[in-house]
Amino acid sequence: MSVPVITLDGPSGSGKGTVGRAVAERLGWHFLDSGALYRVLGLAALRHGVALDDEATLATLAQDLDVTFQGERVILEGEDVSGAIRSEEAGAAASKVAALPAVRQALLARQRAFRRLPGLVADGRDMGTVVFPDAPLKVFLEASAEERARRRHAQLKAQGHDVNLDQIVADIRARDRRDRERAVAPLKPAEDAVVIDTTELAPEAVIEEILDLAKARGLAGS
Ligand code: DC
């Protein structure tokens with residue numbers, strides 16, 4: 001039997017990260033934060049002075065990237081960059097390099113290498129459509145742009161940032177458009193994905209729903 005995978009795709013702020021980590025933990029499975037890979041690559045490009053539209057060099061950089069994941073810690077070339085990859089700058093660089101087909105291709109094998117026993121929860125935008133198309137359970141999380149902005153706003157405020165909610169709503173709408181309309185691996189549910197709208201749901205309810213789905217498909221112990 002192949003190693004089971006639960007894919008968890010959706011826009012930023014849909015709760016994928018929180019929910020995905022918790023589901024992986026409850027099942028005792030591995031977890032892939034594919035967005036972190038794109039962020040590390042964006043950061044590495046900035047640090048090495050590689051232009052964010054130099055597709056061939058970026059693909060080589062992606063191929064050779066010296067990155068390891070230790071739980072929630074991300075190590076790039078021996079340095080802990082867990083905080084640095086969450087900056088706006090790294091996020092913006094990630095979204096640019098993620099639009100390049102050769103870069104996505106170069107990261108495919110690296111992402112698939114996370115598929116190890118007893119199983120994998122993979123979080124991203126194209127986990128169910130491109131990276132693990134044979135996954136036995138695919139989930140797509142939705143939430144209204146307003147709710148996702150509210151979550152992001154609360155998070156930033158808790159970190160001591162002074163931010164404007166209307167600006168965040170506008171940013172989220174712009175990023176959604178970019179992610180959904182890009183030519184390669186656009187953000188969309190796989191045809192066989194279960195779509196869950198998390199707008200009115202607490203994370204725990206979403207986690208339970210996914211665990212129930214996993215059980216119903218024989219992926220999780222009882
Ligand atoms: O989920 P995130 O915000 O950490 O993702 C960072 C960027 O990487 C985001 O602009 C979308 C892109 N990304 C992608 O194109 N494909 C993935 N599987 C994951 C992230």
Side-chain angles (χ1 to χ4, degrees), residues 5-21 23-24 30-46 52-53 55 58-59 61-62 65 67 69 72-74 76 81-115 120-133 135 138-143 145 148-149 151-153 155-156 159 168 170-190 193 198 203:
V5 182
I6 298 176
T7 61
L8 201 53
D9 291 304
S12 55
S14 58
K16 285 175 307 171
T18 310
V19 166
R21 273 183 207 283
V23 169
H30 301 282
F31 179 70
L32 166 62
D33 174 0
S34 61
L37 264 183
Y38 287 95
R39 286 173 178 272
V40 170
L41 180 62
L43 184 68
L46 294 173
L52 298 175
D53 59 356
E55 187 165 0
L58 288 166
L61 189 62
L65 205 60
V67 60
F69 291 83
E72 291 198 29
R73 293 194 329 133
V74 184
L76 170 65
V81 293
S82 319
I85 61 166
R86 299 293 156 201
S87 69
E88 282 306 312
E89 212 188 359
S95 119
K96 287 185 187 143
V97 301
L100 305 172
V103 164
R104 303 197 71 89
Q105 184 64 33
L107 290 180
L108 264 186
R110 211 178 261 275
Q111 295 173 85
R112 289 182 177 149
F114 279 78
R115 186 174 193 167
L120 175 69
V121 177
D123 159 335
R125 305 291 193 289
D126 62 341
M127 298 295 100
T129 50
V130 177
V131 183
F132 302 108
K138 301 178 183 178
V139 177
F140 192 89
L141 298 186
E142 286 281 13
R148 288 184 287 124
R151 291 174 188 169
R152 178 88 183 126
H153 186 245
Q155 200 178 40
L156 289 170
Q159 292 167 359
I168 297 179
D171 287 350
I172 281 192
R173 286 192 199 283
R175 185 151 152 192
D176 279 1
R177 225 177 0 256
R178 248 200 333 265
D179 283 351
R180 289 180 207 271
E181 290 174 4
R182 73 174 173 220
V184 51
L187 173 66
K188 64 164 189 222
T198 73

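Both ligands and their constituent atoms are indexed starting at 1 by order of listing. Quick caveat, the model's predicted, so the values are computed rather than measured.
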Pairwise side-chain contact, L32 with F132, heavy-atom cut-off 4.5 Å (strictly under): yes
Nearest non-hydrogen partners of L41 and L58, listed with the distance: CD1-O, 4.1 Å
State, to 0.1 Å, how close R148 and I172 come at their nearest heavy-atom pair, and which atoms those are. NH1-CG2, 3.6 Å
Among residues two or more places apart or on two chains, list those pairs meeting salt bridge (Lys or Arg N to Asp or Glu O under 4.0 Å) that have a residue in residues 86-106. D33-R86, E88-R152, R104-D126
According to ring pair (Phe, Tyr, Trp, His ring centres under 6.0 Å), who are the partners of F31, at least two apart in sequence or on a separate chain? none
Donor-acceptor pairs are to be reported for all side-chain atoms of residues 10-18 against protein atoms at under 3.5 Å, with residues two or more places apart or in another chain.
residue: S14; atom: OG; partner: P11; partner atom: O; Å: 2.7
residue: K16; atom: NZ; partner: G10; partner atom: O; Å: 3.1

Check ligand 1 against the protein and report each N/O to N/O distance under 3.5 Å, formatted as atom name, atom name, distance.
residue: ligand 1; atom: 1 (O); partner: R125; partner atom: NH1; Å: 2.9
residue: ligand 1; atom: 1 (O); partner: R125; partner atom: NH2; Å: 3.4
residue: ligand 1; atom: 3 (O); partner: R39; partner atom: NH2; Å: 3.0
residue: ligand 1; atom: 3 (O); partner: R175; partner atom: NH2; Å: 2.7
residue: ligand 1; atom: 4 (O); partner: R39; partner atom: NE; Å: 2.6
residue: ligand 1; atom: 15 (O); partner: R104; partner atom: NH1; Å: 2.8
residue: ligand 1; atom: 15 (O); partner: R104; partner atom: NH2; Å: 3.4
residue: ligand 1; atom: 15 (O); partner: R182; partner atom: NH1; Å: 3.1
residue: ligand 1; atom: 15 (O); partner: R182; partner atom: NH2; Å: 3.0
residue: ligand 1; atom: 16 (N); partner: R104; partner atom: NH2; Å: 3.0
residue: ligand 1; atom: 18 (N); partner: S34; partner atom: OG; Å: 3.0
residue: ligand 1; atom: 18 (N); partner: R125; partner atom: N; Å: 3.2
residue: ligand 1; atom: 18 (N); partner: D126; partner atom: OD1; Å: 2.9

